[in-house]
Structure formats: structure tokens, C-alpha cells
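Let me begin by presenting the structure, written as C-alpha cells, before commenting on it.
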2 protein chains.
Amino acid sequence: MTDTSGATDTSGGRDAESVSKFVESFAAQLVEAGMQRMPARIFAALLSSDEGAMTSVELGEQLRISPAAVSGGVRYLAQQHMVSREREPGSRRERYRVQGNQWYEALTNREAVLKRWESALGEGVTSLGADTPAGRRMAETLAFFEFVDGEIAAMMERWRVHRETRFGGAP
Amino acid sequence: MTDTSGATDTSGGRDAESVSKFVESFAAQLVEAGMQRMPARIFAALLSSDEGAMTSVELGEQLRISPAAVSGGVRYLAQQHMVSREREPGSRRERYRVQGNQWYEALTNREAVLKRWESALGEGVTSLGADTPAGRRMAETLAFFEFVDGEIAAMMERWRVHRETRFGGAP
DNA sequence: CGCTTCTTTCAGAAATTTGTGAAGTTAAGG
DNA sequence: CCTTAACTTCACAAATTTCTGAAAGAAGCG
């Protein structure tokens, strides 16, 4: 089965090549935005799978990477809550799943990041002096991030509503 | 002047050491969020300067880096619109300035990034087939980013208002 | 015009990051 | 229990990135 003619499916895409093309190009964007290469590729592969889930072996085959690389990449993604791990009961085999909305909730949950920025800025304000020009600038910056923090939560709430009306609210 | 006692200013901070401490710790956060090290450090230094602007030489001295590193870092920051360059007329010496609000407008202007993601996702939808499960998932993701796009603009508008009432609208 | 002062570019050394093979660990199933 | 299938960890080689010194390029100023 190494023929290049009709491939698996000509009707709506889904031949190995067009999937791979998308995976690599989307992963490249994620990399450019600061994600590491392997996590990005793994994530893109999951996103473009029909089930939204793949096993270690499947990932390794599609991306041509070692089990070790899959393991590392998946661990990162799980830590970031961008994928979740499942085990089909009664098998040591794991599947990694991208949970519909879960992942962009995670993406917007730069919350942790924002919190750390805020904390660093707060220290900056006190250590440089709240009454100095630099201190005032940082206090304003801090206020901005606090504002954003709150806004993002509200935005995600609006998204859930918007989504329901547009896609007929899946869970 | 290498004494460690009274330093330059004991009233509100602003001795070289506490500035540097803040700079490095804030830069570290930026790095963790994906920014390269030099740009991050340069940016943090500018942010914590009283004038909000420094020359090449000042940056080099505070951060202990070569002129080449300053040049590279500053170029990156300028491309991202996080700092602007000024020249005091009649001198080849340049100053790099963090423009109050300009920079977080830039930060939220991941607009370019979002656009590229959207375009990649769009290609994904057509290439995988809009009627496949994977295609639908990606279409929804795409919708999410389009939604975010719009929301961010609105959020920044609200911020400007919020800011005026809180800080007495500077330009 | 040529000197001087800044900035930028470039090639390369040093450090860091990345991905792999191989060994190690855990649990399912005989 | 022992075997086997899966995932994880680890040390290291390769690739990439990062920063520097040196040279080159502009632009003010005499």
C-alpha cells in the first residue's frame, strides 16, 4: 500500500498526505507563537484526527518520531491541560485526546502566566517606589493585566453562549 | 564608587541592585512566556527606567551585554512594536522608548498571529473536508479564534475608558 | 572632507535545546 | 509468577540558538 494514485479517499481529503500537510503547517504556526516543536506537532495531529484522539503508536507513526518524543511531548501538553489522557479499560495502551473546547480554555488560561507577571510587576512597584515615574508606569501596567484577567473570564463566558447558538451547545 | 552601604538612594529603591533584581526577575517571566532572552531583558530594563527610555550604551552597561546584542534585541522589539526608536535631533545616539500603553496594545496584537492561525485552520477545514468530524472540530476552533479576534478589540476599547477614569487619561 | 561617534552586520565559539536509542518500570494476561 | 506490551527516563550526539568581537557602515561636526 505505497501507491500514490487514488490514495485512501479522494472525496473530502483525509489522505495521509493532506493530513500531514495541514499538521505540519499548523504546527509551524504554533511553533512560531512560542510552542516547542514536538508538542506543537503532536497537538496538530490530534486536532486533525477524526476521533480527536490517538495512541502513542499512531502519533509516532504519523509524525515519524520515537516513543520517547511522544512521551515528552504529551507530558507537556497534559501539563498545560491542552490534552487529556485516557486509557481504554483493561489495556496499558493510552490515548491522548484533545477535548473540544477544553484546549482553548487552556490557551486562554495564560492565567497562571498573567498571575506571575502581575506578581513580578507588583514587586517592581514597591521595590522601585510607587511614587517614582518608573513605579507609576509599572503600576499602570499592572492595572492593565488585572483588567485583562477579569475581561478574559467574561469573554470566555460570552463565547460559551455564542458557541451554543452557533453549534448547538455540545457539552 | 563600589561601596555597598548607602548606595544611590535609600528612600524609595532605585539603587542599581534593586533595579537589576526586578529587571532580571521580570525578564525571566517574559522568557518563560516565550520571549527571547535579550529582548526580554532589554524590555524589562526600559520598563523600569524612570524616563521609560534608554540609550544603547546605558542598556549595554546595565545588562552587561555587547552593543551587538543591544542592536539585535532592540530590532526585535521594534518589529513587534513594543518599543519605538527616537533620536535626539543632532546626534547619532538613539534612545529606545517603551511608549506607555503602546506596548500592551502590541502585546494584545497577537492579531497577526491569530490571523495566521485562522488561515491555517481554514485550509485545514477545506483540506480535511468540512463534513468530517475533524473538519467540524477545526471549523469550531476557527470560529473561536474569529470570536476572540473581535472581542479583543472591544476589550482594548473598554480598557482605554477604564484607564482614563483610573489614571486620568494620559494620551 | 575627514574625524569621530554610534549603530549594524557577520562569522564563529559557546551554550542550550532537541530527539534518539537503550535500559528501566509498571501492569495486564496467561 | 512469568511474560509481554506499553510507557518513561536517561545519557548522549546532533542541530540550533545565542552572544560576542571585529570590521564595516552612516551621520553629525569641525
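In the text below, chain A, chain B and the rest are named by the order of the sequence lines, each starting its count at 1. The figures that follow rest on heavy atoms only: side chains count, while hydrogens, waters and symmetry mates do not.
With rounding to whole Å, A/Leu59 atom CG is found 14 Å from D/dA6 atom C1'. One interatomic measurement links the two molecules: CD1 of B/Ile42 to C1' of C/dT7, which rounds to 13 Å at whole-angstrom precision. Distance, A/Glu94 CD to C/dA28 P: 12 Å, rounded to whole Å. Atom pair A/Glu61:CD and D/dA6:C1' shows a separation of 14 Å (rounding to whole Å applied). C/dG19 atom C1' lies 15 Å from atom CZ of A/Arg64, rounded to whole Å. Between A/Met54 atom CE and D/dA6 atom P the separation is 16 Å, expressed in whole Å. The interatomic distance linking A/Met35 (CE) with C/dT17 (C1') rounds to 17 Å, in whole Å. Look at CZ on B/Arg85: it is 13 Å from P on D/dA27, rounded to the nearest Å.
Side-chain atoms of B/Ser66 lie closest to D/dG21 of the nucleotides C/dT7, C/dT18, D/dG21. If you check C/dT18, C/dT7, C/dT9 against the side chain of B/Arg75, the one that comes closest is C/dT9. Considering only side-chain atoms of A/Ala68, the nucleotide from D/dC7, C/dT7, D/dT9 that sits closest is D/dT9. With C/dT20, D/dT9, C/dT7 as the choices, the nucleotide that has an atom nearest any side-chain atom of A/Ile65 turns out to be C/dT20. Checking D/dT8, C/dT7, D/dG21 against every side-chain atom of B/Val57, the shortest atom distance belongs to C/dT7. Comparing C/dT8, D/dT18, C/dA22 by their nearest atom to the side chain of B/Tyr96 picks out C/dT8.
Under a cut-off of 6.0 angstrom, the local environment of CD in B/Gln102 is crowded, with over 12 non-hydrogen atoms contributed by other residues, nucleotides or ligands. Within a 6.0 Å radius of CZ in B/Arg97, more than 12 heavy atoms belonging to other residues, nucleotides or ligands are found.
Residue pairs that meet the salt bridge (charged side-chain N to carboxylate O under 4.0 Å, His left out) test with at least one member in residues 59-71 of chain A, sequence neighbours left out, do not exist here. Screening residues 146-159 of chain B for side-chain hydrogen bond (donor to acceptor under 3.5 Å, both in side chains) gives A/Glu151-B/Arg158, A/Arg158-B/Glu151, B/Lys115-B/Asp149, B/Glu157-B/Arg160 as the qualifying pairs, with residues at least two apart or on separate chains.
Across all strands shown, A/Arg41 has no heavy atoms under 4.0 Å from either base or sugar-phosphate atoms. A/Gly90 comes within 4.0 angstrom of sugar-phosphate atoms only, judged by non-hydrogen atoms across all strands, and of no base.
If A/Met38 and A/Arg92 are placed on DNA chain C by their nearest nucleotide, the residue sitting closer to the 5' end is A/Met38. Checking A/Arg37 against A/Ser91, the closest nucleotide of DNA chain D that is more toward the 5' end is the one next to A/Ser91. Where B/Ala69 and A/Ser56 meet DNA chain D, the nucleotide closest to each residue was compared, and A/Ser56 sits on the side nearer the 5' end. Heavy-atom distances to DNA chain C give each of A/Arg87 and A/Pro67 a nearest nucleotide, and the one nearer the 5′ end belongs to A/Pro67.
A/Leu30 and B/Val113 fall within a single hydrophobic cluster, where Ile, Leu, Val, Met, Phe, Trp and Tyr are joined by side-chain heavy atoms under 4.5 Å apart, directly or via other members.
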